[in-house]
Amino acid sequence: MGAVKRTFRTVDELRVLAATARGDRPPDLLLVGGRVLNVYSGELYPATVAVAAGRIAYVGERALAPGPRTTVIDARDRVIAPGYVDPHAHPFALCTPDALARAALGLGTTCIVADTMPLLMLTAPEQTGEAMAALGDLPVRWFFFLRQHAQGHVPDEDARFGDARLAALLGREEVRAVGELTRWPEVYAGDETQLRRIARALAAGRRVEGHAPGASADRLQALAAAGISSDHEALTADQALARLRAGLYVMLRHGSLRPDLDALAPVATGPRMWSGRLMLTPDGPSPQFLRDCGYMDYLVAAAMRAGVEPLAAYQMATLNPATYYGLDEELGGIAPGRRADLLLLERLETPRPEVVIAGGHLCAREGRVMVELPRIPWDRWMRPLTPGPWRPDPGFFSLDGLPSPAPAAHLENTVITVRRDIALDGQRLPAGVLHAVLFDPGGRWRCRALLSGFADRLGGLAASYTGGGGILCLGRAPADMALAATCVLDHGGGIALAEDGALLFLLPLPVGGMASPDACTEVAAALDRLDGLLAARGYRHGEVAYTLLFFNFDALPYVRLTYRGLWDVVAGRVLYPREDLADARR
């Protein structure tokens, strides 16, 4: 299953740390002249920080003598802050986790608690732990929350999320929680499978992360009673307060899809700001967000702009998430014994660091990573996207068989769809309407619907970047849809746009069909081009990658194109069923 990177101190480390703190051994790294941001005591005061064996050995007024091999960092006129912790990340969001780690490291994020959904969907059970362990070699510390079910229903969900597989992964030290439980209505209703898995997580000492958008205060009480310990779906301060009243930890979200801090900030004022139960997360930053805004540094700044006291804002990005995951003796603050994840800031009001130290090593200056990150061989573990030679022809994307009027989805914003049925005239689509097809890469099944509100005109757009394990293709021209889909399949995954028989755009995503091996900045530049091409064709929403990813996510309202067919989320029923095509493909 792969080696687990430990989060405890050995006898030898304790001996070295204590000797360094006493002054009997020179430190490996010494920061002098700075002011320490102490998230435990709520102070900013002058102190020397000494590091040994990758951990903090001493924080105080005494001047420690450096040795011949001690690295001394002049921190005069600077604030020494703990490294940032993202408590709720989604790796493989078009970039690999190691590419995300490189971008995060330069911005001061030294710990990421990540979703396991892509690993469960894309790796074989005997290799999942090995892939997790590989991230332990990076200077950014990785932990995980273990999904209990798929994002949307998928063909082999029972195998990918089987009890034996989940139980084995739950025993790994770096797995700190289960979640996010997007099927919270089942938890609320007392579903036996969900409750059994929650009980197993609690018995293992793990947290249980919820995902309950729109849940009333009364329903939140039932979810807390059923074992859920946190939630990140509050959109207003009142919703966040209801979660606090239910005893939940609350992750305040602020990212490119949901920039909610202005609305949420009032809950982090007055006595509640010191409750220790509030955290910050971008909930999966896109490559464009990382490039244009930043990471946890940006969220700390946004919280302060929204009126949160500076110390409380820093606690929400350091100590609070570390405490939530039971890691506060390991990271999240500057104190003896903690991992030496340290940031040098120009001042408290500018959270983006000038210097980043991770695990006691100088890793970045002025946003530039100065250490070599190991290459992680994702192609060793990811399942192949294309299991066979089949490729769709234009006839695969015809409108044949669709009823009229057809149940259809209308895109209200970047991710929310409503039902809006559309009348058809043979093979002619009304203006502004697209044919949407979600299909198996091997051509064994397809699910179809009509879609309005996405673009005024579009030849064919295909993407393997979906939450349901299929290829999503949107368009008005069957030949262009076939060209875009074939291009995606030929490249082992990606996003492709075709028009008038020509390929206009391709972003290969060969890592499981979900991620590029390139740097986040390169992926962001490609997404800029895609956004521009689609804007010229009438796309009027946010980052289009979110639309593609969530179009089959059946925990969002109101209609979704899923493996079961076009799905009415509220009614819990199929509006137009999946077509199984196994015989036709053989």
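Note: hydrogens, waters and symmetry copies are ignored here, and every other heavy atom, side chains too, is used.
Between Arg338 atom CZ and Leu331 atom CG the span is 9.5 Å, to the nearest 0.5 Å. How far SG of Cys95 is from CG of Leu290: 7.5 Å, rounded to the nearest 0.5 Å. Rounded to the nearest 0.5 angstrom, Leu343 CG and Leu37 CG are separated by 10.0 Å. Distance CE/Met304 to OH/Tyr314: 4.5 Å, rounded to 0.5 Å.
A donor-acceptor pair under 3.5 Å is absent between the side-chain atoms of Arg277 and the main chain of Ser275, judged by distance alone. Of the possible polar contacts, one joining the Ser516 side chain to the Asp518 backbone as a donor-acceptor pair under 3.5 Å is found. No donor-acceptor distance shorter than 3.5 angstrom exists from the side chain of Asp115 to the backbone of Ala89, with no hydrogens or angles considered. A donor-acceptor contact shorter than 3.5 Å links the side chain of Thr236 to the backbone of Gln239. With hydrogens and angles ignored, the 3.5 Å screen pairs a side-chain donor or acceptor of Glu13 with a backbone N or O of Thr10. Using modelled atom types, one side-chain atom of Arg176 and one backbone atom of Glu173 make a donor-acceptor pair closer than 3.5 Å. Put simply, the side chain of Asn320 gets close to the backbone of Leu278: a donor and an acceptor are under 3.5 Å apart. The closest donor-acceptor contact from the side chain of Gln194 to the backbone of Val187 lies at 3.5 Å or more, if one exists at all. For the pair Gln148 (side chain) and Leu146 (backbone), a donor-acceptor distance under 3.5 Å is present.
Arg76 CZ: 12 or fewer foreign heavy atoms inside a 6.0 Å radius. Residue Asp24 qualifies as enclosed at atom CG: its count of foreign heavy atoms under 6.0 Å is above 12. Environment of CZ in Arg347: crowded, with over 12 heavy atoms of neighbouring residues, nucleotides or ligands closer than 6.0 Å. Annotation: Arg62, atom CZ; neighbour count of heavy atoms from other residues, nucleotides and ligands within 6.0 Å is above 12.
Partner of His211 under the side chain to side chain contact (heavy atoms under 4.5 Å, CB included) criterion, chosen from Arg183, Glu233, His88: Glu233. Tested against Arg339 for a side chain to side chain contact (heavy atoms under 4.5 Å, CB included), the candidates Arg141, Arg9, Glu329 yield a single pass: Arg141.
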Do Leu44 and Val79 pass the side-chain contact (heavy atoms from CB on, under 4.5 Å) test, and can you show the C-alpha distance, the side-chain angles, and the key distance before you say yes or no? CA-CA 8 Å; Leu44 184 64; Val79 171; 3.9 Å; yes
Please report the C-alpha distance between Thr109 and Val85 in whole Å, then the side-chain angles of each, then the deciding distance to 0.1 Å, and finally whether the side-chain contact (heavy atoms from CB on, under 4.5 Å) criterion is met. CA-CA 6 Å; Thr109 295; Val85 180; over 6 Å; no
Dump the intermediate steps for side-chain contact (heavy atoms from CB on, under 4.5 Å) on Val49 and Tyr58, then the final yes or no. CA-CA 6 Å; Val49 179; Tyr58 176 81; over 6 Å; no
Output, in order, the C-alpha distance, side-chain angles, deciding distance and verdict of side-chain hydrogen bond (donor to acceptor under 3.5 Å, both in side chains) for Ser230 and Tyr324. CA-CA 9 Å; Ser230 72; Tyr324 173 67; 2.8 Å; yes
Yes or no on ring pair (Phe, Tyr, Trp, His ring centres under 6.0 Å) for Phe289 and Tyr298, after CA distance, side-chain angles and deciding distance? CA-CA 10 Å; Phe289 183 86; Tyr298 177 77; 5.5 Å; yes
Test Arg291 against Asp528 for salt bridge (Lys or Arg N to Asp or Glu O under 4.0 Å), laying out the working first. CA-CA 11 Å; Arg291 178 198 60 195; Asp528 289 343; 2.7 Å; yes
Take Ile228 and Leu220 through the test side-chain contact (heavy atoms from CB on, under 4.5 Å) and record every step on the way to the result. CA-CA 9 Å; Ile228 287 177; Leu220 288 168; over 6 Å; no
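Classification of the Phe550-Tyr546 ring pair by plane angle, with boundaries at 30° and 60°, yields parallel.
A pairwise comparison of heavy atoms in Pro351 and Val300 identifies CG-CG1, 3.7 Å as the closest pair. Considering all non-hydrogen atoms of both residues, Ala212 and Leu223 come closest at CB-CD1, 3.8 Å. Residues Val208 and Leu202 come closest through the heavy atom pair CG2-CD2, 3.9 Å. Closest approach of Thr70 to Pro27, counting heavy atoms only: OG1-O, 2.5 Å. The two residues Pro336 and Val59 have their closest heavy-atom pair at CD-CG2, 4.4 Å. Pairing each heavy atom of Gly467 with each of Gln151, the nearest pair is O-CB, 3.8 Å.
In this structure, Asp231 does not pair ionically with Arg253, as no charged nitrogen and carboxylate oxygen lie closer than 4.0 Å. Comment: Asp163 engages Arg200 in a salt bridge, judged by a side-chain N to carboxylate O separation of less than 4.0 angstrom. One finds a salt bridge joining Arg172 and Glu174 here, because a Lys/Arg side-chain nitrogen approaches an Asp/Glu carboxylate oxygen to under 4.0 Å. Classification of Glu354 and Arg365 as a salt-bridged pair fails, no side-chain N sitting under 4.0 Å from a carboxylate O.
Geometrically, Arg147 does not engage Phe145 in a cation-pi contact, judged by NZ or CZ lying under 6.0 Å from the ring centre and within 45° of the ring axis.
For the pair Leu94 and Leu509, the minimum side-chain heavy-atom distance is below 4.5 Å.
Within the structure, salt bridge (charged side-chain N to carboxylate O under 4.0 Å, His left out) contacts touching residues 296-309 (residues at least two apart or in different chains) are Asp297-Arg352.
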Pair up each side-chain donor or acceptor in residues 260-267 with any protein partner under 3.5 Å, not counting sequence neighbours, and list the distances.
{"from": "Asp260", "atom 1": "OD1", "to": "Arg258", "atom 2": "NE", "distance (Å)": "3.4"}
{"from": "Asp260", "atom 1": "OD1", "to": "Arg258", "atom 2": "NH2", "distance (Å)": "3.0"}
{"from": "Asp260", "atom 1": "OD2", "to": "Arg258", "atom 2": "NE", "distance (Å)": "3.2"}

Distance-only criterion, 3.5 Å: show the donor-acceptor pairs between side-chain atoms of residues 369-378 and protein atoms not counting sequence neighbours.
{"from": "Trp378", "atom 1": "NE1", "to": "Asp98", "atom 2": "OD1", "distance (Å)": "2.8"}

